[in-house]
Amino acid sequence: MTRPVRIIKISLWLIILVISQSCITSKQVQFEALSPSQNDPGRDIKTIELINAAIRPPSDSLGTFYGFNRKIYYDTTYLDTLFSMVTLDGFASKSEEVKRFNLVSSPQLYFHKRLSSMGKPLPVEVIRGLVSSSKPDGVIVLEETESFDHLDYGELYSNYVVARHTLYIGTKWRFYDLVNDSIHPQTIIIDTLYFDGEGSSVDNAINQIPDRVNSLSDGFFNNGKEFAKQIVPTWKKIKRTILSNNDNRMVKASYLALADRWSEAIDIWMPLTESPKKSLAALACYNMAVASERIGKPKIGLTWLQKSIALKSISENQRYLIQLNEQVAQTERLMYQLGIMPD
């Protein structure tokens with residue numbers, strides 16, 4: 001083998017080695033982070049009480065017949081009470097996940113004398129007279145529950161029938177700030193739910209669909225949870241990307257992160273952030289930013305990400321910069337809502 005040929009082969013191997021070392025691979029990780037509520041009622045609201053004002057007057061609830069699944073049903077205030085209390089249970093269950101507020105007692109009841117008064121704000125003096133002796137900072141009133149549902153079925157082909165039960169569920173809520181004697185605007189939550197069944201006949205298909213009252217109860221329960229998301233911080237799923245190259249240490253750390261063993265991954269990435277190889281250090285700094293967000297420190301993560309960009313600007317860290325800035329803003333808003341001083 002002549003000397004020029006040997007030099008060419010060595011050069012090719014060096015080029016391949018450099019390319020393999022600089023090749024960036026990515027793996028998606030997922031974790032949860034606490035997200036601020038959309039409409040926080042105020043930092044000074046620590047205790048709340050629920051009032052159920054969604055039970056219709058007997059004169060408007062009794063004597064109502066409806067048909068469903070080839071049967072006739074008779075509606076009473078029982079369903080008003082059931083659906084409204086289930087809705088409040090849904091709110092309470094969701095709010096307990098974070099404990100932004102302390103629910104001071106079981107729901108109080110308010111009965112309207114006329115149907116026309118439902119859905120309208122009550123005077124603050126009336127609210128104060130309804131609440132318990134615990135004197136909450138705020139009151140949430142469930143003003144009205146509404147639902148409409150219908151059953152459809154059809155034969156797609158011989159001996160194969162499909163059926164669908166469609167539910168339209170709506171609730172109306174209002175928050176009363178007893179600290180500042182103010183009434184918030186009404187909030188309306190609307191859901192649409194579908195329950196499907198199939199079978200060799202109409203009866204078989206319909207029998208696959210849950211009982212109407214149970215389906216409506218589940219729908220109202222979820223509706224209460226949806227309202228809780230309006231005023232209570234909730235957990236949301238976050239998807240991020242871990243970067244690596246063919247360096248064995250980076251590969252190992254990425255798999256540790258995928259296994260939710262972040263502290264071990266951090267132990268590997270941290271010294272690599274000072275690597276003399278800028279491309280390697282940039283990847284390590286990027287991953288430290290993701291790790292910082294994972295442990296609830298997005299502001300520290302922003303510092304790591306800026307260092308990554310300064311070492312080597314790539315599309316991944318530029319894209320993540322937009323996401324992380326948004327998460328920093330969300331975290332600051334959350335801390336304000338919870339009354340926590342920022343770091």
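Computed from a predicted structure; not experimentally measured.
Considering only heavy atoms from C-beta on, Val139 comes within 4.5 Å of Leu178 through its side chain. Taking the side chain as every heavy atom from C-beta outward, Ile238 and Glu32 never approach each other to under 4.5 Å. Residues Trp269 and Cys285 fail the side-chain proximity criterion, which asks for heavy atoms closer than 4.5 Å. With a 4.5 Å cut-off on side-chain heavy atoms, Tyr320 and Ile322 do not count as touching. Contact check for Val161 versus Asn204: no side-chain heavy atoms found under the 4.5 Å cut-off. Proximity of Ile140 to Ile231: side-chain heavy atoms (C-beta onward) are separated by under 4.5 Å at one or more points. Taking the side chain as every heavy atom from C-beta outward, Asn246 and Val251 never approach each other to under 4.5 Å. Side-chain contact check for Gln108 versus Asn52: every heavy-atom pair is 4.5 Å or farther apart.
Taken to the nearest 0.5 Å, the CH2 atom of Trp304 stands 4.5 Å off from the CE atom of Met288. Between the OG atom of Ser215 and the CG atom of Asp149 there is a distance of 8.5 Å, given to the nearest 0.5 Å. For the atom pair Leu130 CG and Glu125 CD, the distance stands at 11.5 Å (nearest 0.5 Å). Interatomic distance, CD of Glu143 versus CH2 of Trp173, reported as 10.5 Å (0.5 Å rounding). One finds the CG atom of Leu88 at 10.5 Å from the CD1 atom of Ile51 (value rounded to the nearest 0.5 Å). With rounding to the nearest 0.5 angstrom, the CD atom of Glu198 is 12.0 Å from the CZ atom of Arg164.
Under the 4.5 Å side-chain heavy-atom criterion for grouping Ile, Leu, Val, Met, Phe, Trp and Tyr, Ile127 is not connected to Ile55 through any hydrophobic cluster. One hydrophobic cluster, built from ILVMFWY side chains closer than 4.5 Å, holds both Ile24 and Leu258. Note on Ile266: it clusters hydrophobically with Leu302, by side-chain heavy-atom contacts below 4.5 Å among ILVMFWY residues.
At least one test fails for Lys239 against the ring of Phe31: distance under 6.0 Å to the centre or angle within 45° of the axis. In this structure, Arg43 is positioned above the aromatic face of Tyr336, its NZ or CZ under 6.0 Å from the six-membered ring centre and within 45° of the axis.
By the 30° and 60° cut-offs, the orientation of the rings of Phe220 relative to Phe83 is parallel. Ring orientation note: the planes of Tyr168 and Phe148 are close to parallel, at an angle under 30° on the 30°/60° scale.
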Apply salt bridge (charged side-chain N to carboxylate O under 4.0 Å, His left out) to residues Glu332 and Lys299 and explain how you reach the verdict. CA-CA 9 Å; Glu332 290 176 348; Lys299 206 165 187 177; 3.5 Å; yes

Start with the C-alpha distance between Leu142 and Thr87, add both sets of side-chain angles, then the distance that settles side chain to side chain contact (heavy atoms under 4.5 Å, CB included), and finish with yes or no. CA-CA 9 Å; Leu142 175 59; Thr87 303; 4.0 Å; yes

Please lay out, stage by stage, how Asn223 and Thr171 fare under the test side chain to side chain donor-acceptor pair (under 3.5 Å). CA-CA 7 Å; Asn223 198 276; Thr171 54; 2.3 Å; yes

Would Gln318 and Ser313 count as a side chain to side chain donor-acceptor pair (under 3.5 Å) here? Give the steps. CA-CA 7 Å; Gln318 291 289 347; Ser313 180; 2.8 Å; yes

Before giving the answer on side chain to side chain donor-acceptor pair (under 3.5 Å), spell out for Gln327 and Gln323 the whole-Å C-alpha distance, their side-chain angles and the decisive distance to 0.1 Å. CA-CA 6 Å; Gln327 190 59 28; Gln323 297 172 327; over 6 Å; no

Evaluate the criterion side chain to side chain contact (heavy atoms under 4.5 Å, CB included) for residue pair Val232 and Phe101; output intermediate values, then yes/no. CA-CA 8 Å; Val232 176; Phe101 308 106; 3.9 Å; yes

Let's go through Glu274 and Lys307 carefully: what are the C-alpha distance in whole Å and the side-chain angles of both, what is the deciding distance for salt bridge (charged side-chain N to carboxylate O under 4.0 Å, His left out) to 0.1 Å, and is it a yes or a no? CA-CA 11 Å; Glu274 301 299 330; Lys307 183 177 179 180; 2.9 Å; yes

Test salt bridge (charged side-chain N to carboxylate O under 4.0 Å, His left out) applied to Glu316 and Arg319, step by step: CA-CA 5 Å; Glu316 287 86 354; Arg319 191 182 310 118; 5.5 Å; no

One pair to check against side chain to side chain contact (heavy atoms under 4.5 Å, CB included): Ile190 and Ile169. What are the steps and the verdict? CA-CA 6 Å; Ile190 299 175; Ile169 293 174; over 6 Å; no

For Arg333 and Asp40, what are the C-alpha separation, side-chain angles and deciding distance, and is it a salt bridge (charged side-chain N to carboxylate O under 4.0 Å, His left out)? CA-CA 10 Å; Arg333 183 181 173 197; Asp40 189 80; over 6 Å; no

Might you work through the side chain to side chain donor-acceptor pair (under 3.5 Å) test for His184 and Asp177, ending with a clear yes or no? CA-CA 8 Å; His184 291 207; Asp177 183 343; 4.7 Å; no

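Checking side-chain atoms of Asn287 against main-chain N and O of Leu243 turns up a donor-acceptor pair under 3.5 Å. In this structure, Asp137 contributes its side chain and Lys46 its backbone to a donor-acceptor pair below 3.5 Å. For the pair Gln337 (side chain) and Ser37 (backbone), a donor-acceptor distance under 3.5 Å is present. With hydrogens and angles disregarded, a donor-acceptor distance shorter than 3.5 Å links the side chain of Asp211 to the backbone of Val213. Counting only distance, with no hydrogens or angles, the side chain of Tyr110 and the backbone of Leu122 share no donor-acceptor pair below 3.5 Å. No side-chain donor-acceptor contact under 3.5 Å links Asn180 to the backbone of Ser182.
Residue Pro271 comes nearest to Asp267 through the heavy atom pair CD-O, 3.2 Å, listed as atom of the first residue, atom of the second, then distance. A pairwise comparison of heavy atoms in Glu49 and Ser134 identifies OE1-OG, 3.8 Å as the closest pair. Scanning both residues, Ala281 and Ser275, for their nearest heavy atoms gives CB-O, 3.7 Å. Of all the heavy atoms in Asp80 and Ala54, the pair that sits closest is CB-O, 4.5 Å. Closest non-hydrogen pair, Gly90 versus Lys225, comes out as O-CG, 3.2 Å. Residues Val86 and Ser217 share a closest heavy-atom pair of CG1-O, 3.1 Å.
Here Asp181 pairs with Arg128 under the salt bridge (Lys or Arg N to Asp or Glu O under 4.0 Å) rule; sequence neighbours left out. With sequence neighbours left out, the side-chain hydrogen bond (donor to acceptor under 3.5 Å, both in side chains) criterion links Gln38 to no other residue. For Tyr160, the ring pair (Phe, Tyr, Trp, His ring centres under 6.0 Å) test picks out Tyr157, with sequence neighbours left out.
Judged by distance alone, the side chains of Asn317 and Ser308 do bring a donor and an acceptor atom under 3.5 Å apart.
Heavy atoms from other residues, nucleotides or ligands lying under 6.0 Å from CG of Asn214 number more than 12. More than 12 heavy-atom neighbours from other residues, nucleotides or ligands sit within 6.0 angstrom of NZ on Lys27.
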